[in-house]
> 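Here you go, one structure.
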Amino acid sequence: MSKIQSLRGMSDLLPDQSPSWQFLEAKVQSLLQSYGYREIRFPLLESTDLFKRSIGEVTDIVEKEMYTWLDRNGESITLRPEGTAGCVRAGEQNGLLRNQVRRLWYSGAMFRYERPQKGRLRQFHQFGAEVFGLEGPDIDAEILVMIARLWRDLGIHDHINLQVNTLGTAAARAEYRQALVDYLLARKADLDEDSQRRLDSNPLRILDSKSSQTQSLLDQAPCLHDFIDSESRQHFDAVCARLDSAGVVYEINPRLVRGLDYYGKTVFEWVTDSLGAQGTVCAGGRYDGLVEQLGGKPTPAVGFGMGEERLVLLLDAVGAVPDSVGRQLDAYLVAVGDVGHIAFEYSETIRSQCPQLRMQNHCGGGSFKSQMKKADRSNAEIALIVGEDEAATGNISVKYLREKKEQQLLPVADVVKLLNQL
RNA sequence: GUGGCUGUAGCUCAGUCGGUAGAGCACAGGAUUGUGAUUCCUGAGGUCGCGGGUUCAAUCCCCGUCAGCCACCCCA
């Protein structure tokens, strides 16, 4: 009988890795909240149509990467491949978006049926934030400045670069798309295979093809910026001006297009070269048409997603997580001899009076030596020792495991005092 | 979906030109009775990913399959 193992691309997050995740999550949450974002939670499962209508029918995500199946009632349902669609649906359905400004954030698992790779899993995790009801460039800039602050808080700002671009209005993009297709169609034979395929599926994606031959072909191609409408142009200039004054360094990349259909105007991508091929660590943009497209009133919106796995990978690669985050215990309680019940009493007294204390009671017996060994391996700062002598006199021996300090024999009440000063 | 590399102890890996396997770390016990990290001794732990084929004999060769890693595609 073979053992059951996890599904492909579904990984377990083990205790040794959780400090990095906790560090990341704590920083992100407190930063978002400090900018006035409020948490929203919505289901992992949604109607398949939600994603088809928002992400775009002909995108790779919808065509081949969604976990989709028929529910028992015959309805087609899908595990969310990204967060924006569900967030918009939840906001709209609950009346959050009616003529109001909303700053929302969320985090959680997303699912895409892809071949696993470094920084890419089938079940992966994202933080996302979406702002509704603001159409000006100020919020676009605020988001970018906020994210830049996050990188500083996390200690990874030296390893991430910002790329920005504007896609203009849907009309401008359609016009450009046609011009690009016309240009490339005439040179189809010189395009790489993938780009030839994209000519009719998603021509804009050809712009960030990795083929050098295709790239050199694009040098002479019509440029998106020449097609951008003046309003989008001004909007983008204003965003850039704010970034300049905030001291946020960025690169304007006219070939940056996002894969999801709903983006327009400002788009951006934060990229690192420390993670191999999956270097995009955070990406997003403006999607003023989506709420209406999903049945709501016209509502301007901007948002972004951040890949948690990728950020953790980067944090670890750079050594940005402080050691203190990993420490799980302050004290380890050793009980030697026939004193189990007394040690247990002591420990409960201590816990009641030291609510912050992280203490592990030794269970399972064993020699003094082996218990001390476990105390050491536990990474605790100190060992609290209860033996026959201590139990008989109401004392506890306090031994420092990480620093050179004399062992102390103290009454339980004094131990409480000492622990509260840690 | 495509390609390359890999799958042996809890972890990292070695190995057998085909005769059912070892190291380091980790774990458990001990080096005279209540003191951890160093050192020394001892021990436990593996149907060598799974299925099939060739063979007297396969963990090693062949085929298939599953999984992992990396890259393409795509994306966070």
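All chains are named by letter (A, B, ...) in the order of the sequence lines, taking the proteins before the strands, and each is independently numbered beginning at 1. Because the structure is a prediction, the values reported are computed rather than measured. Hydrogens, waters and symmetry mates are skipped; everything else that's a heavy atom, side chains included, is used.
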> With nearest nucleotides of RNA chain B determined for A/Met372 and A/Gln126 from heavy-atom distances, which residue corresponds to the more 5′ nucleotide?
A/Met372
> Testing A/Arg358, A/Arg377, A/His362 one by one against A/Tyr332 for a side-chain hydrogen bond (donor to acceptor under 3.5 Å, both in side chains), which residue passes?
A/His362
> Could you tell me which nucleotide pairs with B/rC11 by Watson-Crick or G-U wobble geometry, both distances under 3.5 Å, or answer none if nothing does?
B/rG24
> Suppose we call two aromatic rings close when their centres sit under 6.0 Å apart. Are A/Tyr106 and A/Phe42 close by that rule?
yes
> Take atom P in B/rG18 and the same atom in B/rU12, then report the distance between them in whole Å.
28 Å
> What contact category does A/Ala375 fall into here, base, sugar-phosphate, or nothing, at under 4.0 angstrom with non-hydrogen atoms?
nothing
> If only side-chain N and O atoms of A/Arg258 are considered, is one of them under 4.0 Å from the OP1 or OP2 phosphate oxygen of B/rA76?
yes
> If you go through the side-chain atoms of A/Arg310, does one of them form a donor-acceptor pair with the base of B/rC75 closer than 3.5 Å?
yes
> A/Leu207 CG to B/rC75 P: how many Å, rounded?
12 Å
> Return the value, rounded to whole Å, for the distance between atom NZ of A/Lys118 and atom P of B/rG4.
22 Å
> Partner of B/rG3 by Watson-Crick or G-U wobble geometry, both contacts under 3.5 Å, or none?
B/rC70
> Hey, are A/Asn395 and A/Thr393 close enough side-chain-wise for a donor-acceptor pair under 3.5 Å?
yes
> Relative to the 5' end of RNA chain B, which residue comes earlier, A/Gly9 or A/Tyr113, by the nucleotide with the nearest heavy atom?
A/Tyr113
> Could you state the CZ-C1' distance from A/Arg198 to B/rC72, rounded to the nearest angstrom?
11 Å
> Does a side chain donor of either A/Tyr400 or A/Gln408 reach within less than 3.5 Å of an acceptor in the other side chain?
yes
> Base, sugar-phosphate alone, or nothing: which one does A/Arg115 contact when heavy atoms must sit under 4.0 Å apart?
base
> Across nucleotides 27-34 of chain B, 5' to 3', mark each nucleotide with B, S or - according to how protein heavy atoms within less than 4.0 Å reach it.
SSSSB--B
> Is it true that the side chains of A/Gln215 and A/Arg255 contain a donor and an acceptor less than 3.5 Å apart?
yes
> Using distance alone, with no hydrogens and no angle criterion, decide if A/Glu130 and A/Thr84 have a side-chain donor and acceptor under 3.5 Å apart.
yes
> Any cation-pi pair here, A/Arg187 with A/Tyr183, using under 6.0 Å and within 45°?
yes
> Within the structure, does a side-chain N or O atom of A/Gln117 lie under 4.0 Å from either OP1 or OP2 of B/rC72?
yes
> Mind checking if A/Glu82 touches a base, just sugar-phosphate, or nothing, with heavy atoms under 4.0 Å?
nothing
> How long is the line joining CG of A/Leu14 and P of B/rC11, in whole Å?
10 Å
> Rounded to whole Å, please give me the gap between CD1 in A/Ile160 and C1' in B/rA76.
12 Å
> Using a 6.0 Å distance limit plus a 45 degree cone around the ring axis, check whether A/Arg122 lies over the aromatic ring of A/Tyr113.
yes
> Tell which nucleotide pairs with B/rU65, taking only Watson-Crick or G-U wobble pairs whose two distances are both under 3.5 angstrom.
B/rG49
> Rounded to the Å, how far apart are A/Lys399 NZ and B/rA37 P?
10 Å
> With rounding to whole Å, what would you report as the distance between B/rG7 and B/rU16 at their P atoms?
13 Å
> What interatomic distance, in whole Å, is found between P of B/rG68 and the corresponding atom of B/rA28?
31 Å
> Output the rounded distance in Å from NE2 (A/His362) to C1' (B/rG36).
13 Å
> Using atom P of each nucleotide, how far apart are B/rC60 and B/rC48 to the nearest Å?
10 Å
> Which base, if any, makes a Watson-Crick or G-U wobble pair with B/rU35, both distances under 3.5 Å?
none
> Could you identify the nucleotide paired to B/rA58, looking across every strand shown and requiring Watson-Crick or G-U wobble geometry with both distances under 3.5 Å?
none
> In whole angstrom, what separates A/Asp192's CG from B/rC74's C1'?
14 Å
> Using Watson-Crick or G-U wobble geometry with both distances under 3.5 Å, which nucleotide pairs with B/rC17?
none
> For nucleotides B/rU65 and B/rU2, find the distance between their P atoms and express it as a whole number of Å.
11 Å
> Quote, to the nearest angstrom, the P distance that separates B/rA14 from B/rC74.
36 Å
> Give me the distance, rounded to whole Å, that separates B/rG49 from B/rG15 when you measure between the P atoms they each carry.
15 Å
> What interatomic distance, in whole Å, is found between C1' of B/rC69 and the corresponding atom of B/rC62?
25 Å
> For this output row, return yes or no: ring centroids of A/Trp151 and A/His159 closer than 6.0 angstrom.
no
